[in-house]
Amino acid sequence: MPKIVIIGAGIVGCSLADELTERGYNDVIVIEKGKLWKPGGSTSHAPGVVFQTNGSRTMAQFARQTVEKLHSLQHSGDTCFLKVGSLEIATTPERLADLHRRAGLALSAGINARVVSPDEASKMHPLLVADKFLGALYVPDDGIARAVLADEVMGKRAISRGARFIAECEVVAIDQSEGRVTGVQTTHGLFPADIVVSCAGIWGPKIGAMVGMSKAIQPLAHQLCYTAPIPELASYKQEAELPVLRHQGSDLYFKQRGQSLAVGWYGHRPLPVKAEDILPNEQAEVMPSQMPFTAEEWKGAMEGATEIIPALKNSEIIESMNGLFSFTVDNFPLMGEWSGLKGFWVAEAVWITHGCGVARAMAEWIVDGHPSLAVHECDVNRFETHQLGAQHIEERGTQNYIEVYDLLHPLQPMESPRPIRTTGFYPRQKELGGYFLEAAGYERPQWYEANAGLLDRYSSPPRDDWSSKFWSPIVGAEACAVRDGVGLFDITTLKRIEVIGKGALEFLEQLTTGNLRKKTGSITYCLLLNEKAGILSDITVMRRGENDFFIGVNSNSDINYLKQLAPDTVHVRDITAGTVGLGLFGPHARELAQSLTRDDLSNEALGYFRLKNTYLGHVPVMLCRLSYVGELGYEIYTTADMALKLWDTLWQAGKKYGLIAAGRGAFNSMRLEKGYRSYGTDMTSEHNPHEAGLSFAVRKGDGYKGAEAFKELNPNELTRRLVCLVLDNPEHVVLGKEPVLHEGKVVGYVTSAYFGHTIGKQLAYAWVPSEFSSQNTEVSIRYFDQDYPATVGADPQYDPQMTRLKS
Ligand SMILES: Cc1cc2nc3c(=O)[nH]c(=O)nc-3n(C[C@H](O)[C@H](O)[C@H](O)COP(=O)(O)OP(=O)(O)OC[C@H]3O[C@@H](n4cnc5c(N)ncnc54)[C@H](O)[C@@H]3O)c2cc1C
């Protein structure tokens, strides 16, 4: 059994000790520099308000698990979670509409939620005045975490199973040898360890620095005040009985504490703090995570508060603080084993709301090798290098604080700092009026204004205000024009690696489901599975030589996964930034490419799923005969220095064939028509290949990770499936993540959705129980407050015979 040291006894550290010891991992030591059970971190002073609804399914599940666990814990005979419910208030029509969308997100994640009228809401909370707002989102199972008490219960339970908690002991260094953690140095001496888990919250960056790791965490001060007793609450005697409130339009939240209210505010000027500047426990006035209150920052908070709670008009503030907690560059926590040091794990930037769920996933990961929930969004190894610089961390972390309650569209990119990365094609894309969104830090065109003229030929159904944000009818015109002619897509943002060296084939065979023993020049689409046959990623493997592979992967997590497991003779190298990629797709793609090379590109000479190294004009390229949009065409790769030459060469030659540049919007629409799944959206590690409709990508036999579990699966006895829903009315647009209902009951959720411009249908891929997965089953999709009828359709909808791709 490994020796495990956990740094920090906040909600995450205590919960992790509990989860590990529950699984029989009892050799656990929790080292905490403060006093138990209120050691001075963020958990020690936070009001513990829990709103479970989240745009991320995984985060919502973490919250659900936290609520369930805390509710089951008893401290002195009382539960550690007060299920008082929550009300999110809307004072504008836009916010009210958004509450319906958020109700959908909650229902999709299995959280009970509904939008209620002002009258109903004010009956639930006597401080609300019905004519001050338009409606509220009610989530009955939200409420208040009694986190300090829960820490004590979980900590003592872990101790009873053999764990040790060492308080008032500070970790000052982390020992390592040959790339592995060996222990921690503390103010009380050395503690040997095979695994160290940093659960240090706002001190995370400081612990990271001990091992040379930059963490994308920015501690920020957040203002929280408690009022004196409010006469209107005189009859309330309990700790908390009323729903917690959120008035996101004014950046405020509220919690009843007996006869007073806690008021938290995000509307103030952001106040970033460096982890190394946080005061030591003995020097902090109250506790290290509490900075002195700055009254000038609070100005404006009470105006917003009295807008919906007039009773606060004459209230006095009797307690106030600038409390510290962590934000990250992308709003997700940091979880998992850091690729830079074996045995060094992180679980940080976690709200109390998600604390127990995150800890459970961490314990499963450490004990079983993989968590049961999909954690790719939270993987500590997910970041691009540019995201780990101090300036970026501060600017993005701070901006995320500012936007925490903003009404953000799912496609909305952060406006600053931008642009960060541009591909070599950027100047030409700008000239064509590219409308850019951000992908992995890159500017990526969603469509090109230069294609507005195509609207004379192709039209799209109208869209409502919400779905027409970050969208243009040009998207549809581009998709149709590519199907009719030929288009150029910038695919540089998709990640690429090289796997080279003696044993590379055997190495890849062990980890992937594909049959890679094919001739040089072959291309194979396959999967990475975990031991339970859950899908870790889908990848495209190009065999360039006997032991030389070029692989299209999904994320830095994939790259780290392969790097960690590669034998010494095999080199795994990220070549994304040093290369560029263009997709040349459409029925005229071959004629165009052929006009630029003397090599034979006929179907016989370069068939589907084959590659060729050649030149297009002056540009050395790898031409790969595949396309993610379901058309004849090529992915074309070259080195970054040749980017403009490649673009210009194709552009010049393409005039004859009506070549257009096409954006990501068209790409998404086309890939959905063809039924091509997108990892992380359509399927995750929670799904197996049969359920996801990807068993064709799994080779017969064994010898690859996950093979045993895969063999155990019966494709005829699946409990759920990913299906293609076709909305009955093509003008009904949905965007993804909406709940799917059958006879009024939520049965599933949408993953990707897009209008299929070629087939003239609105498509939505969705997870549903098997009993609702056969074709022609009628369901509905809830979009805001509307239920749109939809029917399970064929998968794919476009070119199921693959004639276009293989022609
Ligand atoms: C004012 C305020 C209000 C908030 N309100 C809410 C809310 O309503 N709902 C919600 O979900 N979240 C809320 N949060 C956020 C939430 O409090 C934190 O995200 C959460 O408590 C973090 O828990 P943790 O266990 O990761 O970190 P912490 O609770 O900070 O624990 C980390 C521990 O690590 C210890 N440690 C650090 N370095 C060392 C070292 N070198 N050696 C030994 N020990 C070390 C620290 O002493 C600390 O005890 C709020 C935060 C603030 C500041």
Side-chain angles (χ1 to χ4, degrees), residues 5-16 30-52 59 62-63 66-67 70 86 142-145 147-148 150-151 165-174 184-188 191 196-210 217 219-226 244 246 253-255 262-266 271 273 275-276 278 280-281 284 287-291 293 320-328 333-334 346-356 358-359 401 404:
V5 165
I6 296 172
I7 306 172
I11 186 81
V12 180
C14 290
S15 192
L16 179 57
V30 180
I31 296 182
E32 169 53 62
K33 68 186 174 61
K35 289 189 177 137
L36 300 177
W37 299 97
K38 210 172 174 184
S42 312
T43 312
S44 300
H45 68 251
V49 171
V50 171
F51 294 88
Q52 298 170 77
M59 296 305 284
F62 284 154
T66 303
V67 168
L70 292 180
S86 73
D142 281 351
I144 299 165
V148 172
D151 283 357
F165 276 64
I166 318 268
E168 298 179 77
C169 172
E170 182 167 354
V171 172
V172 293
I174 297 185
V184 295
Q185 300 279 356
T186 75
T187 45
H188 292 191
F191 291 84
V196 172
V197 192
S198 184
C199 302
I202 48 176
W203 291 272
K206 219 174 142 184
I207 304 283
M210 293 177 192
I217 291 178
L220 282 130
H222 164 61
Q223 292 199 302
L224 175 71
C225 291
Y226 288 87
V244 292
R246 196 140 79 161
Y253 63 90
F254 308 87
K255 161 188 129 164
V263 184
W265 198 41
Y266 290 100
L271 301 162
V273 173
E276 56 271 26
I278 301 169
N281 286 54
M287 59 174 83
S289 65
Q290 273 191 35
M291 313 258 294
F293 184 65
S320 53
M321 69 174 85
N322 284 11
L324 293 176
F325 75 120
S326 309
F327 276 73
T328 59
L334 270 56
V346 178
E348 282 161 354
V350 179
W351 290 38
I352 289 169
T353 301
H354 311 109
C356 300
V358 164
Y401 184 89
V404 66

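Both ligands and their constituent atoms are indexed starting at 1 by order of listing.
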Q) Are Tyr253 and Trp265 close enough that their ring centers fall under 6.0 Å? A) no
Q. Which option out of Ile144, Ile278, Val148, Val12 puts a heavy atom nearest to atom 25 (O) of ligand 1?
A. Val12
Q: Taking only heavy atoms of Gly8 into account, list the atoms of ligand 1 that are under 4.0 Å away from them.
A: 33 (C), 34 (O), 35 (C)
Q) Would His45 count as a contact of ligand 1 if the rule is a heavy atom under 4.0 Å away? A) yes
Q: Output yes when the distance from some N or O of ligand 1 to some N or O of Ile11 is under 3.5 Å, and no in every other case.
A: yes
Q: Answer yes or no for Glu32: is there a heavy-atom contact with ligand 1 below 4.0 Å?
A: yes
Q: Flag Met210 as yes when one of its N or O atoms lies below 3.5 Å from any N or O atom of ligand 1, and as no otherwise.
A: no
Q: Could you tell me which atoms of ligand 1, counted from 1 in the order shown, lie closer than 4.0 angstrom to a heavy atom of Thr353?
A: 9 (N), 10 (C), 11 (O)
Q. Atoms of ligand 1 less than 4.0 Å from Val49 heavy atoms?
A. 7 (C), 8 (O), 9 (N), 10 (C), 11 (O)
Q) Quick one: does Gly40 get within less than 4.0 Å of ligand 1, heavy atoms only? A) no
Q | Where ligand 1 meets Gly10 - atom numbers and elements under 4.0 angstrom, heavy-atom basis | A | 25 (O), 29 (O), 31 (O)
**Q.** Candidate with minimal heavy-atom separation from atom 13 (C) of ligand 1, of Ala46, Ala347, Ala9
**A.** Ala46
Q: May I ask whether Cys169 places a heavy atom under 4.0 Å from ligand 1?
A: yes
Q.
Please confirm whether Ile31 approaches ligand 1 to less than 4.0 Å, judged on its heavy atoms.
A. yes
Q.
Can you tell me if Pro47 contacts ligand 1 (heavy atom of the residue under 4.0 Å from the ligand)?
A. yes
Q. Contact between Cys199 and ligand 1, counting heavy atoms under 4.0 Å?
A. yes
Q.
Does ligand 1 come near enough to Met321 that some N or O of the ligand is less than 3.5 Å from an N or O of the residue?
A. no
